[in-house]
Asks: 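Supplied in structure tokens, the structure appears directly below.
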Amino acid sequence: MNVRSQVSMVFHLDKCIGCHTCSIACKNIWTDRKGTEYMWWNNVETKPGTGFPTRWEDQERYKGGWEKKNGDLQLRSQNKSSALFNIFHNPNQPTLDDYYEPWTYDYQNLFNAPEGADQPTAKPISMVTGEYINVEAGPNWDDDLGGSPVYAQNDPNLESLTPEQREQLFATERLVFFYFPRICNHCLNPSCVAACPSGALYKRGEDGIVLLDQKRCRGWRACVAACPYKKTYFNWSTGKSEKCILCFPRLETGQAPACFHSCVGRIRYLGVLLYDAARIEEVAKLPDDQLIEGQRSLILDPFDPEVIAAARASGVHDSVIESAQKSPVYQFVKVWKLALPPHLEYRTFPMLFYVPPMSPVMASQDGGVIDHVSGDLFHDIEQSRVPVAYLAKLLGAGQENKVRYALRKQKAVRWYRRALTVGDVTMEVASRMLAEADCSAEEAEAIYQLTSLCTFEDRFVIPPMHREEAIQMMEDPLEHKASAGFGFVSAPHRGM
Amino acid sequence: MLDWITGKGFRNSLTPRVCAMVALLIGTAAAQQDAGTFFKQNCTSCHTIGGGRLTGPDLKDVGSRRDRAWLVQFLQSPKAMIDSGDLYATKLQQEARGVVMPNIAGMNPQQAQALVDMISTESKLPRSQFAGMQISDRPLTDQDIAKGRLVFLGEQQLSGGGPACISCHTVKGLTLLGGGRLGPDLTRVYERLQGRKGLAAWLSSPASPTMAPVFKDHAIQPEEVLSLVALFEDSAKRGGQDDTTSLLNFFLLGVGGMVLGLISLDALWKTRFRGVRRSMVHKNDRGEG
Ligand code: SF4
Ligand code: SF4
């Protein structure tokens, strides 16, 4: 057992209102520089839809992530020889058009236009070339276009559906969509790190944040191709790649990342998970249908004395272990099994988990009475507008039972709360549902608390980052004792 | 470059330079080089002694035509003499159809003196060793021409071990793409060197600064000279201007090759990533979505 700690995340999709506040918060802090205009380290997609960059889940073309070949794990984008062969022209790069050409507007014209018969307009200007452009696409071009024949119907996840299911999904009266906010997953087995020929990408030992060293990056862009989530981006101005840094400067000062902090729907949770680094490779080679259980088995119980001892032995600070015990992520992922990793079949082991969303309830109409209750209490999960198969493709590595489990539990909790507060359902029915959904009354109460009444402190359990200890792994602080802080930008000299 | 052609490699390319430096240092050392050898290597391509004129005049009894001082001066720098307006030197140039005798490497006052001495000695002999190559006057047959062709193209190796002509020269109509472009086009060389005799003399001992070092130790043998002369005579008779079509062919082949290369690369790499969004949207616009 080789215990490490990782700052992990849960996004509760049932609560996301698609306001894009998170994206803007991130953009304003990190990606409003030259060369980064097109990047959205945090973006919010409408599902079904093609996402950003367009159809990023289509690994047949983008070649991201790992694949199992002859019992071994291999990057889909390259092997050693092809990496060398293609080093000056890395294939499988999304084009700017697959992201979008970033633009602003010619606002000056509104003030400076000569007097004329019509109102002046502000024409769009490309932020790359500075020329007027004809805007054809944007990072959330398919926002709210759940039934769009161009975008929704080209969602790669629809592969998992039968033709009837597809037809139903796009029937006008059943149209449906939900939001899917995405940031870098700070994976346990990151393909971006594995692909980098310069060794510029690394996973921070103390908190698992995946970072890209700007000094070491040589702009080969192997990571851009290798990340199946397309969450490393190439900065055309600096010639280096960049990615989400999980706002580590904020985390180190005890603040939640900007997108977490600003989230209007309060869908985001952050906390430490302890995991067993020794077993990652073994688990990454499991067949698809065992991956979810495999990843869960990597996540260790922070209350288990054996785990605590092993964690201490590998240098995890007591305060971090304590923080892991309070982690909301641990509850959602491991205890309640409500949160699932996106596209685990890419085998990078994302450490950002999603609680699958409940679809709108399909009402049945009986004469003049609209009825929401049926004999089979979980019926609308099977007949929900978003088919379970679709969610399973997105969040369950194809395992419908894992998604069904999470949905049933959520539904049971809702009914339990209805029985308690509204009273239109009897507690007897609610209890039966809880039992069927493998959930106790206490657990239901806890889920309800953390889902609906959660405070800032409940959602973000930020561990003390102990940078002072982390830095000791690489440098001896005493060496710097007699020197001037961070050093001089230009050292002072005696005289004029 | 030259060493590469002779196949000697870069290692030996220093040797001539070192020799030249030693020669300079010792001063008179150059004069010690046997005048006969010097004449053979540097002069026989244009001059004979009692063999009639080639590109340059027959040098038999040249001592009686001009005085020694003039000769020594002319030998050291023919061009300077012509430029100075010397009447005799100008006349010589006209006789040579405008060809100016080049400055000869290694020529110095002592060497010139030695040469003049050697020429006057040789002139007294009934038949000088420099009377020139006696090339037969018989009409040259198709066989000679065919053999010349083989030699020129390098299909038959030069027995002296020299490089094939085609590596530096071209003759119109011989090959589709023409030959090398380093040396002059030889389509009409027969006329330029004034016939069989001049051509044969040149080939036996090429004197240009480019060819001399290459063929110094790899002389072209008399039978080969004859075949080559036959080839050049034939090509001059056919007339035709210097070969420019092959240059065009070469250019066109280059362009064609590039286009073909690009097409095959494109085919080979058909599955490469070319962007997703635009084709997806356009496919839908066309109603195929
Ligand atoms: S999601 Fe993040 S950590 Fe995972 S492969 Fe992509 S860039 Fe790397
Ligand atoms: S800020 Fe929160 S609620 Fe709004 S889109 Fe982002 S994740 Fe969803």
Side-chain angles (χ1 to χ4, degrees), chain A residues 38 45 48-64 76-78 82 85-86 89-101 133-142 145 147-156 158 166 170 221-222 224-226 228 230 234, chain B residues 1-5 7-13 154 163 166-168 170 175-182 246-289:
Chain A
Y38 81 93
E45 294 172 6
T50 51
F52 171 79
T54 309
R55 281 176 68 84
W56 59 270
E57 290 152 296
D58 182 356
Q59 305 308 343
E60 285 302 308
R61 299 176 80 172
Y62 284 110
K63 304 262 189 286
R76 227 187 245 115
S77 60
Q78 63 181 42
S82 75
F85 183 69
N86 291 320
H89 181 84
N90 207 320
N92 313 318
Q93 304 288 323
T95 64
L96 187 62
D97 184 67
D98 296 322
Y99 296 106
Y100 76 113
E101 185 164 350
I133 59 166
N134 187 11
V135 173
E136 272 182 52
N140 56 339
W141 204 242
D142 55 346
L145 291 182
S148 149
V150 185
Y151 296 101
Q153 293 201 8
N154 273 307
D155 183 330
L158 297 182
R166 263 181 197 241
F170 292 105
R221 292 186 281 171
V224 178
K230 289 290 161 278
F234 181 68
Chain B
M1 174 60 129
L2 297 172
D3 290 316
W4 171 73
I5 294 171
K8 275 203 281 175
F10 292 104
R11 205 152 31 91
N12 290 345
S13 68
I166 195 166
S167 36
C168 298
T170 183
T175 53
L176 185 65
L177 292 174
R181 299 261 157 206
L182 184 66
S246 64
L247 202 63
L248 186 73
N249 284 351
F250 197 72
F251 176 75
L252 289 178
L253 191 84
V255 172
M258 189 185 72
V259 170
L260 217 73
L262 288 177
I263 290 174
S264 57
L265 276 181
D266 186 66
L268 213 79
W269 205 14
K270 214 169 55 200
T271 54
R272 72 184 183 278
F273 189 90
R274 305 179 207 224
V276 171
R277 188 200 69 87
R278 192 157 280 159
S279 57
M280 182 187 90
V281 173
H282 287 180
K283 202 163 139 200
N284 198 272
D285 289 350
R286 290 197 304 270
E288 294 163 28

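Here is how names work: the chains are called A, B, and so on, in the same order as the sequence lines, proteins then strands, and each is numbered from 1.
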Asks: I'd like to check A:Glu136 versus B:Arg277 (side-chain heavy atoms, cut-off strictly below 4.5 Å). Are they in contact?
Replies: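 Counting from C-beta outward, A:Glu136 and B:Arg277 do come under 4.5 Å.
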Asks: Of all the heavy-atom pairs spanning B:Gly275 and A:Arg61, show the shortest one and how long it is.
Replies: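 Distance-wise, the nearest heavy atoms are O-NH2, 3.4 Å.
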Asks: Between A:Asn92 and B:Phe273, which heavy-atom pair has the shortest distance, and what is it?
Replies: CA-CB, 3.6 Å
Asks: How close do A:Val150 and B:Met280 get, heavy atom to heavy atom, and via which atoms?
Replies: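 Closest pair (atom of A:Val150, atom of B:Met280, distance): O-CE, 3.8 Å.
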Asks: Need one label for A:Gln93: side chain, backbone, both or neither, based on atoms under 4.5 Å from any heavy atom in chain B.
Replies: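 Contact with chain B involves the backbone of A:Gln93 alone.
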Asks: Between B:Arg278 and A:Asp97, is the salt bridge (Lys or Arg N to Asp or Glu O under 4.0 Å) condition met? List the steps.
Replies: CA-CA 7 Å; B:Arg278 192 157 280 159; A:Asp97 184 67; 3.2 Å; yes
Asks: Kindly indicate whether the side chain of A:Trp56, heavy atoms from C-beta on, has any atom under 4.5 Å from the side chain of B:Val276.
Replies: no
